[in-house]
Each structure stands twice: as C-alpha cells, then as structure tokens.
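Structure first, then comments.
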2 protein chains.
Amino acid sequence: MTVDHAASVIAVIARLKDKGYRITAQRQAMIAQLVESGQALSAFEIWEKLKVRYQDISLDTVYRNLHVLVDLEALTPINALGKESVRYELVDTSHHHHIVCVKCGQTQCIEYCPVDPRLMLVLQTHGYELVRHNLELFGICRQCNPS
Amino acid sequence: MTVDHAASVIAVIARLKDKGYRITAQRQAMIAQLVESGQALSAFEIWEKLKVRYQDISLDTVYRNLHVLVDLEALTPINALGKESVRYELVDTSHHHHIVCVKCGQTQCIEYCPVDPRLMLVLQTHGYELVRHNLELFGICRQCNPS
DNA sequence: CTACGTGCAAACATTTTGCAAAGGC
DNA sequence: GCCTTTGCAAAATGTTTGCACGTAG
C-alpha cells in the first residue's frame, strides 16, 4: 500500500471512531480495498476481492458496512447502469462522473463536471438545498460506434 | 383523456406498429397510464394502477412491455433514488431532472438542465458519443431543512 | 393460421433481517 | 462486562424465465 493509500484509510477510520463506530478487521479490510481499487465497486465485488486477499468475510457484513460508510459520508452510492447493482465510491476522490456505453456496458470515468453553478439558484426557488449530485452519462464507445 | 393525451398514446402505438410489435390491450393500457400520469412510474406502480382502472394485467407483462417500450425509445429508465426500483418516464416530455430529498425521499421535477454543452467535446476526446444523460440531484427539501 | 404476447409459477439476483456467538473498547 | 458487530440462515424484494394457452395480424 502506498503512503497516500494508507493516509486515506486512516482518515476514514478516524471518521468511524468519531461517530462511535467500532474499528473491526472487516471494516478496515473493506476500506483498504476501496482505497486501493481506486474505483467504484459493488457489494459483491468487494466481498469477492476480500475473500481472496483477506480471510473470510460475509456478504451480509459487506452490505451492513456499506451503509455505515455511506452514513459517515465516506462513500457515495452510484447507480452506474440501472441494470447492475449499486456501486460505491470513496467521496474523497476528485469529483467526476461516469459514462456507460449503451451497447457493451463498459464504463469510464470523466474527470469533468458539466453542471452549471446556476443550478443552485434554481433549486433554491424550489426550496431545496443541494447536497450532492450524480450525473449518469449514456453513450456509444469507440469500439461500438459503427461510424 | 384529453386530446393531447390521446395524441401521445397514438404516437407511441404507431411506433410499436412500425417496429413490428403487436398492439395488445395491455400495451395500450400501459401507454395510456404513463401518458396520463405525466410522471415517472415504477413497474409496480403501473401494475397497481392498471389493476384498478383496467382489468387484470400481470406484473410480468408490465416488466416485459417496459423493456419493449425502452427498446422503442418511447420510455427512459430513471434511477430516482437508488434505493427504490427503476422508474420509467415518457421520452417526449420536456427534458428535465429530478431532485430527491435525502431525509424524506420526496421527489420533485426540476425543469432546468444545468449540463454545459461543452460536455460533448470532452466526451469526444474519450471516444464517446453521448446518447442521453440523467442527472440525479440529492438535497434537503424545505420541510426537512432545520434552518 | 402462425408467430407473438400473456398469465402462471417458479427461478433468480440482490439486499435485508432475526438471532446467537464473537469481539472491540 | 457491556454493547456493537459478525456470521449464519431465512426472508423479503425486485426482476426474469419456461411453458402452455390465447390472440393479433
């Protein structure tokens, strides 16, 4: 694990402690996995990876701890495709979005946020205070594009 | 049913015919329900409403026909909350987005799209051609806002 | 008449929950 | 030692599929 990764893991663990949650081996392993993967993972994927590199962990526990980590605001749930299950991404990664190819289902990160700041004003007129947003982009990738 | 509604229903039915799908009572009822509701509905909600006003329709048929209608590009799937099931909205309604209150789960349409057109250029550099997008907004509504 | 669409039931995938045992603090 | 967390099993939820019957074209 790199120094950066270790620091991220420690930061999330500190958040756990702050909120009165206990530091268990399973939680540490999950956080480490998410930090090192550097991408959004589903509950099942986290479980699969941890079974190999870490000892046993039950899928139930993965689900429960995902809820805990979302509660901490350490993770953001992402609905990558609507067909697949929800994926979770660390919030301290830089803000970005994902594009999904509607033909092959492959996804890619887009390090650009096209959301106009005037959105906040529009939402205020509706009585809402924006907490976060998630932009789902659907397109056709180079490989699937006939042109 | 208003004249506008009737016209929308007819338009979708024409699309069905065009693509070689058959016009069944169940499909007509589903389309009419979506048009008249004027909002995104889940499979279950469509089924529930049709059981009352129309005769019996099976939930399986609702699911199957939702796939057909998405294939026709008559419906857009929306992942309103990530917790709830996928919802479907007619594509010929004006382009807009939805905001979900993270406290109470209530949703509201926002008739404004804050997506910067320069997004297309950024996506092109990634090799993608944008087909559609869906912006999920999460906020706190007036009722739930302590301030 | 023929292929497509439907309803039923069963399968399937994902997520949640009750409970007793294990473990953090 | 207390209370949270875990693993197991079972349930709940949402969606899909196989099959025989019905029906649009």
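Numbers restart at 1 for each chain; the letters A, B, ... are given by sequence-line order, proteins then strands.
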Q. Within the modelled atom types, does a donor on one side and an acceptor on the other bring the side chain of A/D60 and the base of D/dA9 under 3.5 Å apart?
A. yes
Q) Rounded to the Å, how far apart are A/L66 CG and C/dT14 P? A) 14 Å
Q: Calculate the interatomic distance between B/L59 atom CG and C/dA10 atom P; express it in whole Å.
A: 16 Å
Q | N/O donor-acceptor pair under 3.5 Å between A/H98 side chain and A/Q108 backbone | A | no
Q. Can you check the B/W47 CH2 to D/dT15 P distance for me, whole Å?
A. 13 Å
Q | Whole angstrom value for the distance that separates C1' of D/dA9 from CZ of A/R64 | A | 12 Å
Q. Would you say a side-chain N or O of B/Q26 is under 4.0 Å from OP1 or OP2 of D/dT23?
A. no
Q: Measure from NE2 on B/H67 to C1' on D/dG14 and round the result to the nearest Å.
A: 11 Å
Q: Estimate the overall bend of the helix from C/dC1-D/dG25 to C/dC25-D/dG1 from the end axes over five pairs each, rounded to 10 degrees.
A: 40°
Q: In whole angstrom, give the distance that lies between atom OH of A/Y63 and atom P of D/dA9.
A: 18 Å
Q. Could you go step by step and tell me if A/N134 and A/T76 meet the side chain to side chain contact (heavy atoms under 4.5 Å, CB included) rule?
A. CA-CA 9 Å; A/N134 177 37; A/T76 313; over 6 Å; no
Q.
Checking the side chain of A/R27 only, and the main-chain atoms of A/R22 only, is there a donor and an acceptor separated by less than 3.5 Å?
A. yes
Q) Should we say atom CD of A/E73 is surrounded by more than 12 heavy atoms from elsewhere, each under 6.0 Å from it? A) no
Q. To the nearest Å, how far apart are B/E45 CD and D/dT15 P?
A. 11 Å
Q: For residues A/K17 and A/I23, determine if any side-chain heavy atom of one lies less than 4.5 Å from a side-chain heavy atom of the other.
A: yes
Q: Carefully, step by step, assess B/K49 and B/E36 under the rule salt bridge (Lys or Arg N to Asp or Glu O under 4.0 Å).
A: CA-CA 11 Å; B/K49 286 168 195 282; B/E36 287 170 43; over 6 Å; no
Q. Judged by modelled atom types alone, do B/T24 and B/Q28 share a side-chain donor-acceptor pair under 3.5 Å?
A. no
Q | Backbone of B/C109 reached by a side-chain donor or acceptor of B/H96 within 3.5 Å | A | no
Q. Atom CD of B/E48 to atom C1' of D/dG14: distance rounded to whole Å?
A. 14 Å
Q) How does protein contact run along nucleotides 20-25 of chain C, one letter per nucleotide 5' to 3', with B for base contact, S for sugar-phosphate only, - for none, heavy atoms under 4.0 Å? A) ---BBS
Q.
Has A/T61 got a side-chain atom pairing as donor or acceptor with A/I57's backbone, closer than 3.5 angstrom?
A. no
